[in-house]
Amino acid sequence: MLSAYLEMIRIRFLMMLAYRVNYYSGIVIYSLNIGVNYFIWMAIYGSNNSLQGMTASQMATYVAVAWMSRAAYFNNLDREIAQEIRDGTVAIQLIRPYHYLMVKFFQAWGEGLFRLFLFSIPGMLIVSLVFPIHLPGFDPVWLLFAVSLFLGFVINTQINMITGLAAFFILNNEGLVRAKRVLVDLFSGLILPIRFYPGWAQAFLSYLPFQAISYLPSMILIKGVGGSALIHAFTVQIIWCVLLCLPIFLLWRRARRTLTVQGG
Amino acid sequence: MFYVRIFLQYLEQYLKTRLVYRWDFLAQFLTDLSFQAVNLVFILVIFSHTTSIKGWTREEVIFIYGYFLVPFAVFTAFFNLWEFNERYIIKGEMDRVLTRPVHSLVQVMLETMAPESLAGALVGLLIMGWAAARMDLQWTVWDIPLFVIFVIGGVLIYGGIYIALTSISFFSDSKTDIQPIMYNIGNYGRYPVNLYHRIIQFVLTWVLPFAFVGFYPASYLLDRDHWMWLAFLTPVVGVVYFAFGVFCWNWGVRHYRGAGN
């Protein structure tokens, strides 16, 4: 059974490879985003060498690492699930001998791996030639980052599943999908590192799963988080991975009961 | 007159279909609002760490953002061409459009319009008004007609670029990701351009002139005369880019062969 799911990873990886234009344009999009955010941040730093305990050079690196991580953890699962619910193909998926959501998860994994190897890593090399960013050399911190980034991917995928499944209840959830995207970008620390928020907002955000997607992995790589802070970061990520299974399970159970296929 | 009547009929149909999914209508409205709030949060948080960015104060940056929302809202309401490729080319609806005696672009725009996005313009005006009140801006009688002209110019620029991009669909039936790129770049036009590297400034002014949608007109309304002539160019650039978009569209329609067979 597991081998069937692992096969999903491979197939999705190869499918992504077929859309060559999307791949090239993706690298352009991400480089542009990094470029513009880099200039905005450097203007904000202005003559200050350090803000909120981050130097300008660490900030430049943060922008690059966070956007390139996004390329790896980002996927369109929310749209895909909502689409399959709307056009009724979900009904066919339900009678097949595998778990629909598990299939989706492994497909997302295939997409994530594709973007990581053909997108984030080459993109990072290009960006590091253009912008003055400082990455750790050959160092075990890369391994910690990799684990943390994977957990961030799992959490983001779970949130996407919840958003996609919402289409069972609000039939056209396009607006929800778009709003979720900007909220995740903002609250995950991608656009604004969590430590830049005022104290009360930081406290609030620490109770939400979003920081575990982008902020925690990026900080592990950039500031070399160690000791208890590192254990804390991983604990937070794992707790969210487990906790988010619950709403997915409940939504899924209710959704199968209320399934109305429109025009199917 | 003919087009006005068609517009009103489409609007009526649109409202009927939207009100079937009443909750969805509300959800869309609320998510649009949160979308705009997010960018505002970014600006507010940034300015809790610095008093000015390259000579721009918090209120000025917020004013520019508020202004940008107005043309942006009109654009999203009537140039909803995101799924053109999938819906009209791949699924073949373009054939139906082409058999009717109304210009194909007008039909597509009317069929895909989302007038509820206009609420964003109201939010923009409120944000602008708030920022202007805090800055004691001196308004003249000319500012109001200029504002309207600038907004129309901005919508034409945005619309023209998107129509041109959408026209690519006539030549290729596979999906491209160029539109999301433009969407990102379009958003960058709402920050003061002197933040960016010279190359990006040049691109945002003369190649993909999104700076005319937000920054140049807004900075003129802020009484920053440094960019005055660029601000006055807004309607000209708008007409040029819109004409270019329509030209690409017509050219694409002539080239179009239909999908499937």
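Here is how names work: the chains are called A, B, and so on, in the same order as the sequence lines, proteins then strands, and each is numbered from 1.
With a 4.5 angstrom heavy-atom cutoff, B/L195 touches chain A via backbone and side-chain atoms both. Only the side chain of A/L51 comes within less than 4.5 Å of a heavy atom of chain B; its backbone N, CA, C and O stay farther away. Looking at A/I40, both its backbone and its side chain come within 4.5 Å of chain B, counting heavy atoms on both sides. Within the 4.5 angstrom heavy-atom criterion, only side-chain atoms of B/I185, from C-beta onward, approach chain A. Looking at B/Y188, the atoms closer than 4.5 Å to chain A (heavy atoms on both sides) all sit in the side chain, from C-beta outward.
The residue among A/A179, A/A201, A/P198 with the most heavy atom pairs within less than 4.5 Å of chain B is A/A179. Annotation: maximal heavy-atom pairing with chain A below 4.5 Å, among B/T50, B/I46, B/V41, occurs at B/I46. With chain B as partner, the option from A/L186, A/V36, A/L192 having the largest number of non-hydrogen pairs under 4.5 angstrom is A/V36.
Applying the 6.0 Å contact sphere to CZ of B/R198 captures no more than 12 heavy atoms from other residues, nucleotides or ligands. Within 6.0 Å of CD in B/E83 there are 12 or fewer heavy atoms belonging to other residues, nucleotides or ligands. The 12-atom threshold is not exceeded at CH2 of B/W251, counting heavy atoms of other residues, nucleotides or ligands nearer than 6.0 Å. For B/I199, the CD1 atom is loosely surrounded, since the number of other residues' heavy atoms within 6.0 Å does not exceed 12.
We find the CZ-CZ distance between B/F42 and A/F196 to be 9.5 Å, quoted to the nearest 0.5 Å. To the nearest 0.5 Å, the span separating CD1 on B/I53 from CH2 on A/W41 amounts to 9.0 Å. The structure places NZ of B/K54 at 11.0 Å from CD1 of A/I44, a figure rounded to the nearest 0.5 Å. To the nearest 0.5 angstrom, B/N39 atom CG is 7.0 Å from A/I191 atom CD1.
Annotation for A/V182 and B/V38: closest pair O-CG1, 4.2 Å, computed over non-hydrogen atoms.
Ring geometry for A/F39 versus B/H197: interplanar angle of 30 to 60°, hence tilted.
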